[in-house]
Structures are given as structure tokens and as C-alpha cells.
Amino acid sequence: MTKAVALLSGGLDSMLAVKVIQEHGIQVVGVSFVTPFFSAKMAKEAAKQLSIPLHIFDITHEHLEIVKRPKYGYGKYMNPCIDCHAFMVKKAGEFMEQIGASFIVSGEVLGERPKSQNRMALRIVEKESGYRGYLLRPLSAKLLPPTVPEEKGLVDKERLLSIQGRSRKPQLELAERYGFKDFPTPAGGCLLTDPIFSQRLRDLLAEKKDPTINDLELLKLGRHFCSPEGVKIVVARNQRESELFLKLTQPEDWIFQVKGYPGPRTLVRGKNVGEQTIKEAAILTARYSKARNLPRVKVGYRGVGEEEKIIEVEHPLKSLSMGSINEAKPYPNSKCKV
């Protein structure tokens, strides 16, 4: 039986592409990729609906280099979609050869995304991947040059589709036909398309050429501030994030928490944590706690492996004024030494 490798993001387009190929009697094997910027959660759910095996590859380190220096630039935010797609097709192609499959399947739709799915971008992805001719895009195949599987008769071009543009109507009609009930919205899975996360990442890369996985994971959490001393202060937004802070704590970090009242943990990360930063981290911790309206609030803080100390702050809701952290602006609008 002919076998194909499908890039499975878990989005509707990739699911439909797999289904179209399955209708040709071809065995489809899914591949998905994970980094700190996106997971395989949606792909796992999609693979179950499609009843196909799924192979997951962690591409964090290689992908981070692409994010830092994309050959074809970024999209609207920090998303290097053309470079990213080409790299994923390359990895899928290598896997295709390993398992003896005949071609690669992608859910890309001509013109759906103006920058990364126009004709030139689709050609670039094929060229840069090194698998030109072996990448079949079933949803737009009738509008694109013939591929090797079409020329060899592995698939029937007449049974492929001619979807193009940004309208989702054809895909939704197909989803109803195939009985797909649960699928995510387009572009919902990549943090690099999120404006706030993208700005945080941009500032981190400006300060630290080789961020750790820990640094990247911290960007996903909390409210980020930068003290006038240039130190990052991150206040958890809920209990889950407070617990995650303990797992992400590094030897140079400081943890703050209000004494006697419910409230978030605050993580301070920086090389030069002075008295001003300690005071402002304590104020922020109190400000987002249940003690925010009290005239005086005690906040405990400690460095890793150190005994806890107590600092008392006055009127947390009024304390951050001119000359304090408000003037420094919330991270990532100011650069922090991380």
C-alpha cells in the first residue's frame, strides 16, 4: 500500500488534507512538531479523529535558531512562517525516507495567508525543504503545478481540490461532509503569532542571545514588569502560575509572596537585584493580592536557598507612582537585564 507522511498541526486544513488523501486508499502517517512556542496537543486530538498514527518531534533548538534569524523574515509578529514551514517539510521529508513513504502532505491553502501561502511562498517552502515535487497540497492541488505523486498516478488530480483565498466556507462544508465536529480556529496554536508574547520574546532576544528553555517558558506566564534597575519582575496571574514559578525558579531568582493573605507569587530574575527592585516587587505582589486595600502589608521574599526576609509596604494600590515602576513601563516595553 502506498504510504504518505502528513504534516498534522491539528487545524482543520491539515485534517481535511489527510482525509482527501485517505480517500485515495493511501495509508497516512502524521507528524507533528513541538517547541516552547507550540505543542502537539491539537495534533493528538486530530490524529484520533482521523485514526492515523502520529509521530511527534521536538525541534526546539533548531527552530529557535530559525526564529532568531529567519531567511525570509517574519509575519506580523515574531512568526517566521515561510522558514518554519520549509524546515518542517524538510524534517517530514527525512522521516518519509526513513519509513519508505512516497510523498508529503500539507494542509496549506493557496492565498489563505497573504505572506506565507502565496504562490511564491509555497514555491520557496518546497525549494528550501529539499523535497521539491514531493510536497502535495491536496486542498489547492488543482491550482498548483503537478507533483511527483500526481505524475506517477499515486493520486488522482481530478479528485483533489481547488480551494483558494481566505474564506473558510469550502473547508467548513467539507468538515460537515466528513463529520468533523471538533477542530480549532486557524492559527490558534502558535505563540509567535501573539502580539504580547512576540514583544516579550523580541526583548528577551535583544538582551540574551542564547535564552534557555526556562527563559522561554517564563515568557508564557504572568504579568511582566521591568524595574528602573533593569530587573525583570513577573507576577503570577493565578494559582497554577504560582505553582509553575516554583518549578522554573533558577539559582539567581527571588520569590515574593504576601504574608497572611491569598495572593500570587512574584518571581524576580536579574543579576543586579537592589533595594529598589525588592521594594517594587513587594509592592506589585501586594497590589495583586487580597491585601491590596490595606494600609500596610507584609511581604515575604527570599533568594534560592536563603532564609525568608520580610518587607512591609504601605498602601499597595497607591505606592507605584512617578519615579517608580510605572515610569519604567511594564515589561516588555522596557528592556530588562535577564
Side-chain angles (χ1 to χ4, degrees), residues 1-33 43 46-47 50 52-55 57 59 71-72 81-168 170-171 174-175 177-178 186:
M1 176 183 287
T2 301
K3 187 185 301 182
V5 170
L7 292 156
L8 190 64
S9 66
L12 179 57
D13 290 345
S14 66
M15 293 173 67
L16 293 173
V18 169
K19 199 68 177 178
V20 170
I21 296 304
Q22 284 180 321
E23 288 185 331
H24 285 74
I26 293 172
Q27 180 185 352
V28 179
V29 178
V31 295
S32 185
F33 303 97
L50 295 163
I52 65 171
L54 178 67
H55 296 260
F57 300 96
I59 57 170
K71 182 176 179 180
Y72 294 98
C81 291
I82 295 176
D83 296 82
C84 183
H85 290 173
F87 178 69
M88 290 182 179
V89 173
K90 177 183 177 182
K91 300 297 286 186
E94 292 170 352
F95 182 66
M96 172 191 75
E97 296 188 67
Q98 290 175 16
I99 66 172
S102 299
F103 60 97
I104 307 160
V105 178
S106 168
E108 293 164 295
V109 171
L110 179 63
E112 185 172 88
R113 297 193 178 106
K115 179 177 173 63
S116 63
Q117 292 184 9
N118 58 61
R119 288 185 184 274
M120 181 175 291
L122 296 183
R123 287 197 297 268
I124 289 171
V125 167
E126 273 198 88
K127 175 185 174 184
E128 293 292 335
S129 72
Y131 288 91
R132 180 182 286 174
Y134 288 88
L135 176 59
L136 177 63
R137 300 171 171 107
L139 303 186
S140 296
K142 287 185 176 180
L143 305 172
L144 300 170
T147 59
V148 171
E150 293 168 82
E151 292 173 340
K152 289 185 174 181
L154 301 179
V155 296
D156 180 2
K157 192 177 185 76
E158 293 306 310
R159 296 170 63 191
L160 302 178
L161 305 175
S162 56
I163 301 174
Q164 66 176 320
R166 306 188 72 175
S167 171
R168 302 289 290 169
Q171 288 95 316
L174 276 174
R177 171 186 155 191
Y178 289 133

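Note that the structure is predicted; figures quoted are calculated from it, not measured. Only heavy atoms go into these numbers, but all of them, side chains included; no hydrogens, no water, no symmetry mates.
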- Query: Leu16 versus Tyr178: any side-chain heavy-atom pair under 4.5 Å?
  - Reply: yes
- Under 3.5 Å, is there a donor-acceptor pair between the side chain of Glu151 and the main chain of Gly133? no
- Distance-minimising heavy-atom pair for Ala17 and Ser106: CB-O, 3.8 Å
- Message: Among residues at least two apart in sequence or on other chains, which ones pass salt bridge (charged side-chain N to carboxylate O under 4.0 Å, His left out) with Lys115?
- Response: none
Check residues 83-94 and write down every donor-acceptor pair under 3.5 Å in which the side-chain atom is one partner and the other belongs to a residue at least two apart or another chain.
unit_1, atom_1, unit_2, atom_2, d
Asp83, OD1, Tyr72, N, 2.9
Asp83, OD2, Lys71, N, 2.8
Asp83, OD2, Tyr72, N, 3.4

- Exceeds 12 heavy-atom contacts within 6.0 angstrom, atom NZ of Lys127: no
- Query: How about Glu112 and Leu139: do any of their side-chain heavy atoms sit closer than 4.5 Å?
  - Reply: no
- Note on the structure: Residues Leu161 and Val20: closest non-hydrogen pair is CD1-CG2, 4.0 Å
- Message: Go through it in stages, so that I can follow the logic: the residues are Leu154 and Leu136, the test is side chain to side chain contact (heavy atoms under 4.5 Å, CB included), and I'd like the CA-CA distance, side-chain angles, deciding distance and then a yes or no.
- Response: CA-CA 11 Å; Leu154 301 179; Leu136 177 63; over 6 Å; no
- Query: Just how far is it from atom NZ of Lys3 to atom CD1 of Ile26, taken to the nearest 0.5 Å?
  - Reply: 12.5 Å
- Query: Is the number of heavy atoms from other residues, nucleotides or ligands within 6.0 Å of NZ (Lys152) greater than 12?
  - Reply: no
- Message: Determine whether a donor-acceptor pair (N or O, by modelled atom type, separation under 3.5 Å) exists between the side chain of Arg113 and the backbone of Cys81.
- Response: no
- Item | Check: Ser129/Glu126 side-chain N/O donor and acceptor closer than 3.5 Å | no
- Message: Does Gln22 form a side chain to side chain contact (heavy atoms under 4.5 Å, CB included) with Ile52? I'd like the steps, not just the answer.
- Response: CA-CA 10 Å; Gln22 284 180 321; Ile52 65 171; 3.2 Å; yes
- NE2/His55 to CD/Gln98 distance, rounded to the nearest 0.5 angstrom? 10.0 Å
- On a heavy-atom basis, the closest approach of Leu122 and Leu144 is CD1-CD2, 4.2 Å
- Shortest non-hydrogen contact from Met15 to Gly10? SD-O, 3.7 Å
- Item | Heavy-atom pair of closest approach, residues Thr2 and Ser102 | CG2-OG, 3.9 Å
- Message: Can you classify the ring geometry of Phe95 versus Phe57 as parallel (below 30°), tilted (30 to 60°) or perpendicular (above 60°)?
- Response: perpendicular
- Could you check Val28 against Leu50 for side chain to side chain contact (heavy atoms under 4.5 Å, CB included), going step by step and ending with a plain yes or no? CA-CA 9 Å; Val28 179; Leu50 295 163; over 6 Å; no
- Item | Minimum heavy-atom distance between Asp13 and Val109, given as atom pair plus value | OD2-CG2, 3.9 Å
- Hey, could you give me the CG/OG distance between Leu8 and Ser32, rounded to the nearest 0.5 Å? 6.5 Å
- residues 132-145 vs side chain to side chain donor-acceptor pair (under 3.5 Å), sequence neighbours excluded, gives Glu108-Arg137
